[in-house]
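Single-structure report; data block below.
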Protein chains: 2
Amino acid sequence: MDKNSISSHLTENNIKPSYARIKIMEYLLHKKNHPNVDEIYTELVKDIPTLSKTTVYNTLNLFNDAGLVKVITIEENEVRFDADTSEHGHFKCEKCKKIYDFNIEIEGIKVIGLENFKIRQKDIFFKGLCAKCINHINSDN
Amino acid sequence: MDKNSISSHLTENNIKPSYARIKIMEYLLHKKNHPNVDEIYTELVKDIPTLSKTTVYNTLNLFNDAGLVKVITIEENEVRFDADTSEHGHFKCEKCKKIYDFNIEIEGIKVIGLENFKIRQKDIFFKGLCAKCINHINSDN
DNA sequence: ATATTTGCAAATAATTTGCAGTCGA
DNA sequence: TCGACTGCAAATTATTTGCAAATAT
């Protein structure tokens with residue numbers, strides 16, 4: 001997605017496409033990691049020296065309210081963001097701390113006890129060890 | 001589970017069954033809500049006037065490390081605890097904020113992309129509106 | 001008596017808020 | 001110009017840490 005389409009993406013959701021907002025959305029869409037506020041700020045302040053964390057917080061809340069990003073809370077004390085709002089699961093490796101996306105057939109899940117509930121969002125979080133860490137017992141973060 | 005079996009439950013997991021620890025575990029097992037630190041503290045300090053939040057934090061971390069409780073992070077900025085460590089899902093109503101447990105056939109879930117990964121914990125969080133809130137459009141928190 | 005548990009207060013960390021300055025149509 | 005956007009600093013909230021006092025074996 002280029003700058004123009006990001007801009008329209010925001011406009012379509014009633015968000016004025018300011019420079020900072022476009023950059024933050026661009027970052028979220030390009031980077032496949034699931035950054036937290038600090039990572040977004042530290043990375044983008046290189047391009048936008050005047051950027052403040054407040055703006056990052058404001059912008060992410062705005063995006064979240066508009067449904068443009070998903071908040072990932074796979075671990076306590078960590079709020080992470082994902083611009084891929086399609087249904088998919090997240091896996092966090094307890095060793096290397098990396099977060100992986102995975103596909104899941106959510107439709108097939110049989111749920112008992114939520115009859116007549118309106119489910120708006122489904123989050124699937126798994127934790128464990130990723131294949132890399134299992135194999136080379138690697139120690140590089 | 002009575003006091004004695006709670007005590008053995010702790011002992012079996014190499015946790016010395018102090019008074020505060022038994023009370024906290026008892027609270028978690030009895031209360032079906034999924035309390036956060038503050039709720040646990042506020043409730044138990046009535047029985048144990050000398051209780052401090054530090055102890056609640058210490059104890060819950062201890063329980064968590066031993067696998068006796070599960071940390072629920074269904075919403076950012078909220079750490080909640082669940083003494084039911086069997087596999088089940090959590091649903092949070094966005095209106096009344098209540099957290100419901102539900103049963104789910106986790107085995108049947110088809111996952112693509114985690115081949116050769118070792119999955120240690122599976123968490124399923126749904127959000128939306130519960131049947132009560134849909135029906136009486138109730139406003140009592 | 002000796003090790004563990006507890007509790008206070010201070011430290012740290014993440015996030016929110018108030019408000020003033022800045023930018024763009 | 002006007003309203004929206006931004007950024008600093010202060011405030012708030014959750015959690016952790018250091019250490020001394022209390023407790024238990």
Side-chain angles (χ1 to χ4, degrees), chain A residues 3-4 6-8 10-27 34-66 68-69 71-81 97, chain B residues 3-4 6-8 10-11 13-27 34-66 68-81 97:
Chain A
K3 283 228 169 47
N4 278 334
I6 289 176
S7 184
S8 354
L10 297 182
T11 308
E12 281 158 19
N13 286 277
N14 298 314
I15 293 174
K16 294 198 181 168
S18 75
Y19 186 64
R21 287 169 180 174
I22 290 172
K23 285 299 236 177
I24 291 172
M25 179 54 78
E26 187 183 32
Y27 181 80
H34 305 281
N36 60 24
V37 169
D38 203 62
E39 286 163 1
I40 297 167
Y41 170 75
T42 306
E43 192 60 31
L44 288 182
V45 77
K46 296 174 189 167
D47 282 351
I48 320 169
T50 61
L51 186 68
S52 74
K53 270 196 186 176
T54 306
T55 298
V56 179
Y57 276 107
N58 287 340
T59 304
L60 291 170
N61 285 334
L62 203 62
F63 289 173
N64 186 41
D65 292 346
L68 297 184
V69 300
V71 173
I72 303 176
T73 51
I74 197 171
E75 199 84 61
E76 52 276 31
N77 293 341
E78 270 196 354
V79 178
R80 294 182 168 274
F81 298 87
K97 311 298 182 197
Chain B
K3 281 225 171 46
N4 279 334
I6 289 176
S7 184
S8 353
L10 297 183
T11 308
N13 287 275
N14 298 313
I15 293 173
K16 296 198 181 170
S18 74
Y19 185 65
R21 288 169 181 174
I22 290 172
K23 287 298 236 176
I24 291 173
M25 178 54 77
E26 187 183 33
Y27 180 81
H34 305 282
N36 60 24
V37 169
D38 203 62
E39 286 163 1
I40 298 167
Y41 170 76
T42 307
E43 192 60 31
L44 288 183
V45 77
K46 297 174 188 165
D47 283 351
I48 319 169
T50 61
L51 186 67
S52 74
K53 271 197 186 176
T54 306
T55 297
V56 178
Y57 276 107
N58 287 339
T59 304
L60 290 170
N61 285 333
L62 203 61
F63 288 174
N64 186 40
D65 292 346
L68 297 183
V69 300
K70 243 174 111 171
V71 173
I72 303 175
T73 52
I74 198 171
E75 200 85 59
E76 52 276 30
N77 293 342
E78 269 196 355
V79 177
R80 294 182 169 273
F81 297 87
K97 311 298 183 197

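Every chain is numbered from 1 and lettered A, B, ... according to where its sequence line falls, protein lines coming before strand lines. Bear in mind that the values here come from a model prediction, so they are computed numbers and not experimental data.
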Does a side-chain N or O of [X] approach OP1 or OP2 of [N] to a distance below 4.0 Å, or not?
{"X": "B:Thr55", "N": "C:dG7", "result": "yes"}
{"X": "A:Tyr57", "N": "C:dT15", "result": "yes"}
{"X": "B:Thr50", "N": "C:dG7", "result": "yes"}
{"X": "B:Asn61", "N": "D:dT16", "result": "yes"}
{"X": "B:Ser52", "N": "C:dC8", "result": "no"}

**Request:** With DNA chain D as reference, determine whether A:Leu62 or B:Asn58 sits nearer its 5' end, using the nearest nucleotide of each.
**Result:** A:Leu62
Rounded to whole Å, please give me the gap between [atom1] in [X] and [atom2] in [N].
{"X": "A:Leu60", "N": "D:dT6", "atom1": "CG", "atom2": "C1'", "value": "15 Å"}
{"X": "B:Leu44", "N": "C:dT6", "atom1": "CG", "atom2": "P", "value": "13 Å"}
{"X": "B:Tyr19", "N": "D:dA24", "atom1": "OH", "atom2": "C1'", "value": "16 Å"}
{"X": "B:Lys23", "N": "C:dT5", "atom1": "NZ", "atom2": "P", "value": "19 Å"}
{"X": "A:Asn36", "N": "C:dT15", "atom1": "CG", "atom2": "C1'", "value": "13 Å"}
{"X": "A:Asn64", "N": "C:dT15", "atom1": "CG", "atom2": "C1'", "value": "14 Å"}
{"X": "B:Ile40", "N": "D:dA14", "atom1": "CD1", "atom2": "P", "value": "13 Å"}
{"X": "A:Ile22", "N": "C:dG24", "atom1": "CD1", "atom2": "P", "value": "12 Å"}

**Message:** Students often get this wrong, so: under 4.0 angstrom with heavy atoms, is B:Lys53 touching a base, only sugar-phosphate, or nothing?
**Reply:**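 Since no nucleic acid heavy atom lies under 4.0 Å of B:Lys53, the category is nothing.
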Strictly distance-based, threshold 3.5 Å: is any side-chain N or O of [X] a donor or acceptor partner for the main-chain N or O of [Y]?
{"X": "A:Arg21", "Y": "A:Lys16", "result": "yes"}
{"X": "A:Ser7", "Y": "A:Pro17", "result": "no"}
{"X": "A:Arg80", "Y": "A:His34", "result": "yes"}

**Message:** Just to verify, which of B:Leu68, B:Thr59, B:Ile15, B:Leu60 counts as forming a side chain to side chain contact (heavy atoms under 4.5 Å, CB included) with B:Met25?
**Reply:** B:Leu68
**Request:** May I ask you to test the A:Phe63-A:Leu10 pair for a side-chain heavy-atom distance under 4.5 Å?
**Result:**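 Side chain of A:Phe63 against side chain of A:Leu10, heavy atoms only: contact under 4.5 Å found.
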**Request:** From the options D:dA9, C:dG7, C:dT15, select the nucleotide whose nearest atom is closest to the side chain of A:Thr54.
**Result:** D:dA9
